[in-house]
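Scroll down for the structure; my scribbles are underneath it.
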Amino acid sequence: MSTRIAFLKGHGTENDFVIVPDPDNAVELTPAAVAAVCDRRAGLGGDGVLHVVRSAAHPEARAMAAQAEWFMDYRNGDGSVAEMCGNGVRVFARYLQHAGHVSEGDLAIATRGGVKTVHIAKDGDITVGMGRARLPEGEVTVRVGERSWPARNVNMGNPHAVAFVDDLADAGDLLSPPPFSPASAYPEGVNVEFVVDRGPRHVAMRVHERGSGETRSCGTGACAVAVAAARRDGTDPAVTGTPATYTVDVPGGRLVITERPDGEIEMTGPAVIVAEGEFDPAWLESVVG
């Protein structure tokens, strides 16, 4: 592999990503390569990879090409494919702006979770239309050590289990996935959020992201938390007819989530590009495997 491949590094509330611009979908990103790139000691380090591809050039996105020019081919830090990443969409949009593909204002980005509408504000924050939450029926329990809590099953295009706890330390180290039951609730694993109250419509969370471990932030997780909190608090917008806005503190910063009476959810937060460079061809060849 003699061609040098460019990359950038960015983060959204410290949920960090390696960005690989590849408009023509010419770069092979095997699970092993992604995991090596995301390794924080032997690679660049990141919670995941944002593979930037034109929708028309990717078989999973061609059907969305008329709606969105760009496809976020997102991979978790362990190399597995994910449907959606809320912080990732904001960083993806910031990259498109950084590269001159888009400017301030509205755009659409294709993801495996569907086409997402994005607004890049003049003040720098980015708002993403996250779609509607689905609330699968059935009771779910999550466990840390000998303790367990009921959790709300929320699907934001990817699965979440939201547990309200007394102290964020109750979540333990979150190095391994918290056990959950029943197993049938999440046949492909789940993102688990542990949540405490900070004030009226203001919560804080920690999260174990499926395929990445504990991360500093999770955009879809913050949305799931806001949805679960609104149902718990009796502020479901579909019932009240009034939008519900929650401030969600994550270890890496703050996100603002608004759910509207029609069910549409918007997430607003920062996104930053911090570095860019090129992979060493010999190293990348050694891990593509």
Any pair counted as salt bridge (charged side-chain N to carboxylate O under 4.0 Å, His left out), so long as it reaches residues 198-220, sequence neighbours left out: E14-R216, E83-R210, R206-E214
When rounded to the nearest 0.5 angstrom, what is the spacing between [atom1] in [X] and [atom2] in [Y]?
X: N155; Y: Y186; atom1: CG; atom2: OH; result: 8.5 Å
X: C85; Y: F17; atom1: SG; atom2: CZ; result: 3.5 Å
X: R75; Y: S80; atom1: CZ; atom2: OG; result: 9.5 Å
X: S212; Y: D16; atom1: OG; atom2: CG; result: 9.5 Å
X: N25; Y: E60; atom1: CG; atom2: CD; result: 9.5 Å
X: I19; Y: H11; atom1: CD1; atom2: NE2; result: 10.5 Å

Evaluate the side-chain proximity of [Y] to [X]: yes if any heavy-atom separation is below 4.5 Å, no if none is.
X: D47; Y: R40; value: yes
X: Y74; Y: F92; value: no
X: L29; Y: V27; value: yes
X: I5; Y: L284; value: yes
X: R94; Y: V102; value: no
X: V192; Y: V207; value: no
X: V227; Y: Y246; value: no
X: M84; Y: M156; value: no

side-chain contact (heavy atoms from CB on, under 4.5 Å) assessment of W149 paired with V165: CA-CA 8 Å; W149 299 266; V165 297; 3.6 Å; yes
Audit row: R231, R152, side-chain contact (heavy atoms from CB on, under 4.5 Å) steps and yes/no: CA-CA 10 Å; R231 274 54 178 180; R152 188 74 191 238; 3.5 Å; yes
Kindly work out whether a path of hydrophobic side-chain contacts (I/L/V/M/F/W/Y, heavy atoms less than 4.5 Å apart) joins [X] to [Y].
X: L50; Y: V118; value: yes
X: M72; Y: V81; value: no
X: F194; Y: V162; value: no
X: V225; Y: I265; value: yes
X: V115; Y: V128; value: no

Given D106, D125, T127, the one that forms side chain to side chain donor-acceptor pair (under 3.5 Å) with H119: D106
Over all atoms of both residues, closest heavy-atom pair of [X] and [Y]:
X: I126; Y: A271; value: CD1-CB, 4.0 Å
X: V140; Y: A185; value: CG2-CB, 4.0 Å
X: H160; Y: N158; value: NE2-OD1, 2.9 Å
X: A56; Y: A65; value: N-CB, 3.9 Å
X: P23; Y: V53; value: O-CG1, 3.8 Å
X: P237; Y: E259; value: CG-O, 3.3 Å

From CA spacing to verdict: side-chain contact (heavy atoms from CB on, under 4.5 Å), D166, V196: CA-CA 6 Å; D166 294 327; V196 296; over 6 Å; no
Short question: side chain of [X], backbone of [Y] - any donor-acceptor pair under 3.5 Å?
X: D280; Y: W283; value: yes
X: D24; Y: A26; value: no
X: N76; Y: D78; value: no
X: N191; Y: P159; value: yes
X: R54; Y: F71; value: no
X: T111; Y: G114; value: yes
X: S55; Y: A68; value: yes

Please set out all donor-acceptor pairs under 3.5 angstrom arising from side-chain atoms of residues 251-258, sequence neighbours excluded.
| from | atom 1 | to | atom 2 | distance (Å) |
| --- | --- | --- | --- | --- |
| R254 | NE | D249 | OD1 | 2.7 |
| R254 | NH2 | D249 | OD1 | 3.2 |
| R254 | NH2 | D249 | OD2 | 3.4 |
| T258 | OG1 | T245 | OG1 | 2.8 |

Atom CZ of R112 with >12 non-hydrogen neighbours under 6.0 angstrom: yes
E139 atom CD, neighbour heavy-atom count above 12 within 6.0 Å: no
Short N-O contact, E278 and R4, less than 4.0 angstrom: yes
My understanding is that only residues two or more places apart in sequence, or in another chain, count here; which of them pass salt bridge (Lys or Arg N to Asp or Glu O under 4.0 Å) with [X]?
X: R232; result: D197
X: D170; result: R147
X: R260; result: E266

Derivation and outcome, side-chain contact (heavy atoms from CB on, under 4.5 Å), residues V154 and C223: CA-CA 9 Å; V154 182; C223 293; over 6 Å; no
side-chain hydrogen bond (donor to acceptor under 3.5 Å, both in side chains) assessment of T235 paired with D233: CA-CA 6 Å; T235 58; D233 297 342; 5.0 Å; no
Aromatic plane relationship, H58 with H51 - under 30° parallel, 30 to 60° tilted, over 60° perpendicular: perpendicular
F7 and F279 aromatic ring geometry - parallel, tilted or perpendicular at 30°/60° bounds: tilted
Result of checking I120, V91, V52 against L96 for side chain to side chain contact (heavy atoms under 4.5 Å, CB included): V52
side-chain contact (heavy atoms from CB on, under 4.5 Å) involving H98 - partner list, sequence neighbours excluded: L8, I273, E276
